[in-house]
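Comments concern the structure below.
First listed ligand is number 1; within each ligand, the first listed atom is number 1.
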Amino acid sequence: MNVPGPDRHALVTGGGGFIGSHLVETLLRLDCRVRVLDDFSTGRRANLPDDPRLEIQEGSVADLDAVGRAAAGATMIFHLAAIASVGRSIADPRGTHRVNYGGTVAVLEAARRWKVPRTVIASSAAVYGDADAALRRETDETHPLSPYAVDKLASEAICDFYRDMHDIRCAALRFFNVFGPRQDPASDYSGVVSIFLDHAARNAAPTIYGDGEQTRDFVHVTDVADALVAAASVPWMPEFGAVNIGSGKATSIRGLWREIATLTGATATPKRASARSGDIRRSRADISRAADLLGWRPQVDLAAGLADMMEARDGRRQTAAVR
Ligand code: NAD
Ligand code: UD1
């Protein structure tokens with residue numbers, strides 16, 4: 001296996017963000033050299049450790065020259081930089097497209113220019129939209145319901161093109177609902193886990209949109225980081241394509257609040273609000289392809305991940321301690 005090590009040099013775009021910063025930690029633990037390209041629009045420098053093996057370049061993935069400079073010498077690229085807000089993509093489809101699709105093309109161009117052996121891009125379960133079946137398989141039809149999801153699907157398609165036309169070894173991972181330390185609860189479109197934990201810690205009533213029976217597949221951020229490393233490390237397979245990264249389990253939003261309330265002792269009763277427009281009813285990943293292709297299986301379940309997040313909050317710890 002092509003496991004990262006001192007002779008390996010990773011570029012992580014969006015490395016200052018929630019998922020990216022956990023990936024950087026994982027790569028450094030594997031003794032890999034890491035370069036981060038980030039414009040710090042939602043990411044933070046404080047998410048990144050002070051480490052001589054880590055180099056930070058501030059710039060945009062939409063800027064081909066900046067990406068080209070950042071990719072020089074890389075043996076693997078992890079492309080995570082994106083405007084990750086579905087709401088913002090609806091409000092500003094052109095601006096998000098420039099970053100979310102344009103950034104992917106810039107990364108692939110840089111991979112081609114420097115002949116980077118492996119590129120892994122962050123896609124999303126959003127590409128499935130609201131399919132009837134609860135269990136999402138990579139072979140399912142896609143129904144992107146927002147400019148964000150359209151850009152993720154287009155990013156996967158352009159990867160396929162670079163793979164077929166230019167022999168770029170590129171894989172796309174479709175993340176489901178990622179949770180863990182450093183997820184920012186500050187906006188309405190923050191992940192529900194971070195919002196609920198933040199409310200529970202203050203014993204404030206959270207809002208449940210819709211009947212709360214909608215389900216999600218919550219996958220821990222350290223498992224996602226491991227999946228990214230696996231996708232860059234396993235022997236190349238021409239049939240790579242898109243791979244689901246989830247826990248394989250469905251949790252209702254009401255059930256999530258119950259679990260968090262029990263864990264924290266919160267007694268507040270959730271407020272009810274009408275369902276968000278475009279809200280997906282059911283979402284659960286079939287993760288058999290990730291197991292077959294990457295040899296990856298999630299290690300941190302929701303209960304352990306939530307308990308760790310609470311502990312991290314109380315101890316003002318930014319890293320995950322669940323593994
Ligand atoms: P995040 O906002 O914490 O991280 C995104 C990072 O990209 C930030 O550091 C931000 O500053 C950076 N960035 C944004 N625009 C940039 C630009 N033009 N140039 C350079 N850097 C830029 O979000 P996240 O949750 O860590 O998401 C990481 C990736 O995973 C994204 O591609 C997102 O679409 C995808 N994803 C996340 C989830 C989830 O549940 N969090 C689910 C599916 C897919
Ligand atoms: C998530 C991702 C999105 C991705 C999509 C793929 C996050 C923040 N968003 O959207 O980028 O495209 O998966 O399927 O990870 N909810 C409440 N109360 C709240 C907040 C949320 O009831 O305060 C509900 C929402 O209505 C939704 C569920 O919780 O039904 C999950 O919401 P959210 O965490 O925002 O994620 P998704 O909408 O699934």
Got an N/O contact under 3.5 Å between [X] and ligand 1?
X      : answer
Ala62  : no
Gln183 : no
Gly15  : no
Ser124 : no
Val99  : no
Asn177 : no
Gly43  : yes
Val61  : yes
Val178 : yes

CA sep, side-chain torsions, deciding dist, call: Asp279, Arg216, salt bridge (charged side-chain N to carboxylate O under 4.0 Å, His left out)
CA-CA 11 Å; Asp279 206 41; Arg216 291 295 184 272; 3.2 Å; yes
By side chain to side chain contact (heavy atoms under 4.5 Å, CB included), Asp38 pairs with (sequence neighbours left out) Val36, Phe40
Would one find an N or O of Val178, backbone or side chain, under 3.5 Å from an N or O of ligand 2?
no
Short N/O distance, under 3.5 Å, between Gln214 and ligand 2?
yes
Does CZ in Arg254 sit with more than 12 non-hydrogen atoms of other residues, nucleotides or ligands closer than 6.0 Å?
yes
Is the number of heavy atoms from other residues, nucleotides or ligands within 6.0 Å of CZ (Arg88) greater than 12?
no
Tell me which protein heavy atom sits closest to [atom], plus the residue, atom name and distance to 0.1 Å.
atom                    : result
atom 13 (N) of ligand 1 : Asp39 OD1, 3.3 Å
atom 27 (O) of ligand 1 : Ile19 CD1, 3.9 Å
atom 25 (O) of ligand 1 : Phe18 CD2, 3.7 Å
atom 4 (O) of ligand 1  : Gly17 CA, 3.6 Å
atom 5 (C) of ligand 1  : Ala82 O, 3.7 Å
atom 18 (N) of ligand 1 : Ser60 OG, 3.1 Å
atom 11 (O) of ligand 1 : Asp38 OD1, 2.7 Å

List every atom of ligand 2 that sits less than 4.0 Å from any heavy atom of [X], numbering the atoms from 1 in the order shown and giving each element.
X      : value
Ile253 : 22 (O), 28 (C), 29 (O)
Ile208 : 22 (O)
Ser190 : 8 (C), 35 (O)
Ala84  : 11 (O)
Ala126 : 6 (C), 12 (O), 14 (O)
Gly191 : 8 (C), 34 (O)

If only side-chain N and O atoms count, and only distance matters, is there a donor-acceptor pair under 3.5 Å linking Asn100 with Ser155?
no
Taking 4.0 Å as the limit for heavy-atom contacts, which would you say applies to [X] with ligand 1: side chain only, backbone only, both, or neither?
X      : answer
Lys152 : side chain
Ser123 : backbone
Phe179 : neither

Looking at [Y], is its backbone amide N or carbonyl O close enough to the side chain of [X] to form a donor-acceptor pair, meaning the two atoms are under 3.5 Å apart?
X      : Y      : result
Arg35  : Ala72  : yes
Arg113 : Leu108 : no
Arg174 : Ile245 : no
Asp223 : Gln299 : yes
Asn244 : Asp286 : yes
Gln214 : Tyr209 : yes

Counting from 1, what ligand 1 atoms have a heavy atom of [X] closer than 4.0 Å?
X      : value
Leu80  : 28 (C), 29 (C), 31 (C), 32 (O)
Phe40  : 11 (O)
Ala122 : 29 (C), 30 (O), 32 (O)
Gly59  : 19 (N), 20 (C)

From [X] [atom1] over to [Y] [atom2], what is the distance, rounded to the nearest 0.5 angstrom?
X      : Y      : atom1 : atom2 : value
Leu197 : Leu306 : CG    : CG    : 6.0 Å
Arg163 : Arg169 : CZ    : CZ    : 11.5 Å
His79  : Ser123 : NE2   : OG    : 10.5 Å

Classify the contact between [X] and ligand 2 as side chain, backbone, both or neither, using a heavy-atom distance cut-off of under 4.0 Å.
X      : answer
Ser85  : neither
Tyr128 : neither
Pro206 : neither
Ser124 : side chain
Phe196 : side chain
Val192 : both

Suppose we screen for salt bridge (Lys or Arg N to Asp or Glu O under 4.0 Å). Which residues come up paired with Arg94, at least two apart in sequence or across chains?
none
Quick one: which of [options] has a heavy atom closest to [atom]?
atom                    : options                : answer
atom 33 (C) of ligand 1 : Phe176, Tyr148, Phe218 : Tyr148
atom 23 (O) of ligand 2 : Thr207, Asp279, Ile280 : Thr207
atom 1 (P) of ligand 1  : Val221, Thr42, Val12   : Thr42

Establish, yes or no, whether a centroid distance under 6.0 Å links the rings of Tyr128 and His143.
no
Is the shortest distance from a heavy atom of His79 to ligand 1 less than 4.0 Å?
no
Below 4.0 Å from any atom of ligand 1, is there a heavy atom belonging to Ser41?
yes
Check each of Val120, Leu294, Asp160 against Phe240 using the side chain to side chain contact (heavy atoms under 4.5 Å, CB included) test, and report the only one that passes.
Leu294
